[in-house]
Student: 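Mind having a look at this structure? Questions to follow.
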Amino acid sequence: MRGKFVTFEGCEGSGKSTQLRYIGEYLKGAGIDFIMSREPGGSEISEDIRKIILNGKYTAMCDECEALLYAASRVQHIKEVIEPALAAGKLVVCDRYVDSSFAYQGYARGLGEEFIESINAFALKNYTPDLTIFLDISPNEAFARKHGADRTDRMESQGPEFHQKVYEGYMQLKKYPRFKCVDCRGTKEETAKKILELLKAENIIG
Ligand SMILES: Nc1ncnc2c1ncn2[C@@H]1O[C@H](COP(=O)(O)OP(=O)(O)O)[C@@H](O)[C@H]1O
Ligand SMILES: [Mg+2]
């Protein structure tokens with residue numbers, strides 16, 4: 001049987017990496033066959049594209065180029081990593097995916113939903129996540145957790161208004177039944193517990 005596909009979304013510092021570590025430990029303990037990956041990246045070529053996208057020196061990168069690089073990195077990641085794992089029946093857990101493109105490039109950059117849909121048609125046709133968990137916390141609170149933005153990271157170093165728009169962009173995605181918000185303002189352990197409950201309620205894990 002084909003594996004399930006779960007993605008995590010949220011603003012910078014919302015706790016995605018932290019929660020993926022908790023889930024990884026849980027899945028290992030439960031003997032569940034899974035892989036964890038991240039976007040942009042997840043394969044050698046995609047990680048190299050990531051370095052271009054996030055390089056703070058590329059202030060001249062236009063929004064369309066940014067969106068296309070994310071989409072290119074995603075297709076490579078799907079073909080090399082996600083598809084083989086799903087075909088092998090594994091659970092695939094990914095830190096960011098196409099919803100980041102909707103929120104950051106479609107909404108915050110203003111490229112629009114249709115443009116993002118068109119350049120991500122490959123991902124959206126056969127590789128829509130079964131469940132997307134949005135770690136819900138305001139961008140300001142999230143940045144405070146990580147003691148401010150990393151100035152060498154081109155996306156993190158966009159101003160607070162941009163990140164507020166990203167959050168609003170994410171809110172538009174509640175229209176998709178697969179997109180579930182988890183209030184993550186509590187402790188790491190409290191959030192981890194909520195996520196596990198959600199994974200069970202959505203029949204991702206037994
Ligand atoms: N629930 C939480 N409460 C307080 N600090 C947190 C919580 N979750 C994560 N953190 C801390 O916030 C920072 C950002 O978390 P991280 O998991 O790296 O976020 P992301 O991967 O979404 O950018 C880290 O220093 C992490 O230890
Ligand atoms: Mg992270």
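Counting starts at 1 for both ligands and their atoms, following the listed order. Note that the structure is a prediction, hence the values are computed from the model and not measured.
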Student: ring-ring contact (aromatic ring centres under 6.0 Å, His included) with F143: which residues, sequence neighbours excluded?
Tutor: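 If we apply the ring-ring contact (aromatic ring centres under 6.0 Å, His included) test to F143, skipping adjacent residues, the hits are H163.
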Student: Can you pull the residues with any heavy atom under 4.0 Å from ligand 1?
Tutor: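 These residues qualify: C11, E12, G13, S14, G15, K16, S17, T18, R145, G186, T187, K188.
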Student: Determine, stepwise, if the pair Y70 / Q105 fulfils side chain to side chain donor-acceptor pair (under 3.5 Å).
Tutor: CA-CA 9 Å; Y70 276 111; Q105 285 72 45; 4.5 Å; no
Student: Is any side-chain heavy atom of L135 closer than 4.5 Å to a side-chain heavy atom of I195?
Tutor: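 The answer is yes, as the side chains (C-beta and beyond) meet within the 4.5 Å cut-off.
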Student: With rounding to the nearest 0.5 Å, note down the distance linking CD in E189 to OG1 in T18.
Tutor: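 It is 10.0 Å, given to the nearest 0.5 Å.
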Student: Are the side chains of L69 and M61 in touch, meaning some heavy atoms are under 4.5 Å apart?
Tutor: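 They are in side-chain contact.
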Student: Can we say E202 and K4 salt-bridge, meaning some charged N sits less than 4.0 Å from an Asp/Glu carboxylate O?
Tutor: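 No, this pair does not count.
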Student: Provide the tally of protein N/O/S atoms nearer than 2.8 Å to the Mg ion (ligand 2).
Tutor: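 Total protein N/O/S atoms under 2.8 Å from the Mg ion (ligand 2): 1.
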Student: Who passes ring-ring contact (aromatic ring centres under 6.0 Å, His included) against F122, sequence neighbours left out?
Tutor: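 Per chain and number, F122 pairs via ring-ring contact (aromatic ring centres under 6.0 Å, His included) with Y127.
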Student: Taking only Lys NZ, Arg NE, NH1 and NH2, and the carboxylate oxygens of Asp or Glu, determine whether K180 and E9 approach each other closer than 4.0 Å.
Tutor: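 Salt bridge between K180 and E9, a charged N being under 4.0 Å from a carboxylate O: no.
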Student: Calculate, to the nearest 0.5 Å, the distance between atoms CG and CG belonging to L173 and D99 respectively.
Tutor: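 Those atoms lie 5.0 Å apart.
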